[in-house]
Amino acid sequence: SLSEKFKTDFLTDNRYQFILTGLKNTLIIAACAALIGIVIGFLVAVVRSSHDKTGNLKILNAICTVYLTIIRGTPSMVQLLIIYYIIFGSMNISKLLVAILAFGINSGAYVSEIIRGGIQSVDKGQMEAARSLGLPYWRAMQRVVLPQAIKTMIPSIINQFIITLKDTSILSVIGFPELVNTAKNVNANIMRSLEVWFIVGVMYLIVITLLSRFAKRMERRLNRGRQ
């Protein structure tokens, strides 16, 4: 029967552990990449916003513009292959670290625009009022603008995390044991594509659904806070 086949293929031989390990690796990469992306995105957004308002930081702004153009203009798989085979090709470096760096750098380009948009959504009078009280630009940004901008950023940042989570499936091209790659290996042993990919699809669906609901709940709370 179907239940007996499932028990034999996935439970008896502990193949389910490989798939769970792949899911764990996927979540670890997505979470670490999201943190790196937030740090990079924050720095890039602040530099670009400061340049737009004050005209300073021209060199840093040019570097940030080149970074955004390259990362947003090339596929994430190409970026991953360049980082793995060219930048770290001659080094004995962990594939996990390569994956985190590649997706962190990729995520940072998109998070920076989210943060920049959040900063620009704050009324200009807030910054002018803070400066009129004698606060330096960076202090006014830290204490007045950013706390208000964060409220509009959180839902979009969570959505970007979901995108990064789904994009980790391309890590199979470098042989990293994330969810899709481990599922491929399991399917190669038992030759049951329907069952294997159904389980993988359900795993992705559960995780992404939970994250989407969390994002919507955060957005509702933030909307109530603005009213």
Heavy-atom neighbours of Tyr84 OH exceed 12 at 6.0 Å: yes
Phe18 and Asn185: CA distance, side-chain angles, deciding distance, side-chain contact (heavy atoms from CB on, under 4.5 Å) verdict: CA-CA 9 Å; Phe18 293 100; Asn185 294 333; over 6 Å; no
Exceeds 12 heavy-atom contacts within 6.0 angstrom, atom CD1 of Ile59: no
Non-hydrogen side-chain atoms of Ile170 and Ser76 separated by less than 4.5 Å: yes
Distance-minimising heavy-atom pair for Glu178 and Ser169: OE1-CA, 3.6 Å
Closest non-hydrogen atom pair between Phe176 and Asn25, with its separation: CE2-CB, 3.8 Å
Charged N-O contact under 4.0 Å between Glu113 and Arg48: yes
ILVMFWY cluster, Val44 and Phe103 together (side-chain gap under 4.5 Å): yes
NZ on Lys24 to CD1 on Ile29, rounded to 0.5 Å: 11.0 Å
Joint hydrophobic cluster, Ile70 plus Leu101, side-chain heavy atoms closer than 4.5 Å: no
Closest contact, heavy atoms only, Thr182 versus Pro177: CG2-O, 3.6 Å
Residue Tyr67 excluded, over 12 heavy atoms near OH under 6.0 Å: yes
Set of side-chain contact (heavy atoms from CB on, under 4.5 Å) partners for Lys184, sequence neighbours left out: Ser172, Val180, Asn181, Trp197
Please list every donor-acceptor pair under 3.5 Å in which a side-chain atom of residues 156-166 meets a protein atom from a residue at least two apart or in another chain.
from   : atom 1 : to     : atom 2 : distance (Å)
Asn159 : ND2    : Pro155 : O      : 3.2
Thr164 : OG1    : Gln160 : O      : 3.1

Atom pair OG1 (Thr168) and CD1 (Ile28), whose distance is rounded to the nearest 0.5 Å: 11.5 Å
Any donor-acceptor N/O pair, Ser112 side chain to Ala45 backbone, under 3.5 Å: no
Contact summary for Gln79 and Asn106, nearest pair of heavy atoms: OE1-ND2, 3.0 Å
Which atom of Thr69 lies closest to which atom of Thr65, heavy atoms considered: OG1-O, 2.8 Å
Gap separating the OG atom of Ser94 from the CD1 atom of Ile100, nearest 0.5 angstrom: 7.5 Å
Heavy-atom check, side chain of Ile150 versus side chain of Ile115, under 4.5 Å: no
Derivation and outcome, side-chain contact (heavy atoms from CB on, under 4.5 Å), residues His51 and Leu60: CA-CA 9 Å; His51 177 267; Leu60 289 177; over 6 Å; no
Exercise: identify the closest heavy-atom pair between Ile40 and Ile105: CD1-CA, 4.2 Å
CA sep, side-chain torsions, deciding dist, call: Arg217, Arg213, side-chain contact (heavy atoms from CB on, under 4.5 Å): CA-CA 6 Å; Arg217 182 174 297 180; Arg213 289 185 177 181; over 6 Å; no
Worked verdict on Ile19 versus Met203 for side-chain contact (heavy atoms from CB on, under 4.5 Å): CA-CA 10 Å; Ile19 296 179; Met203 286 182 168; 3.5 Å; yes
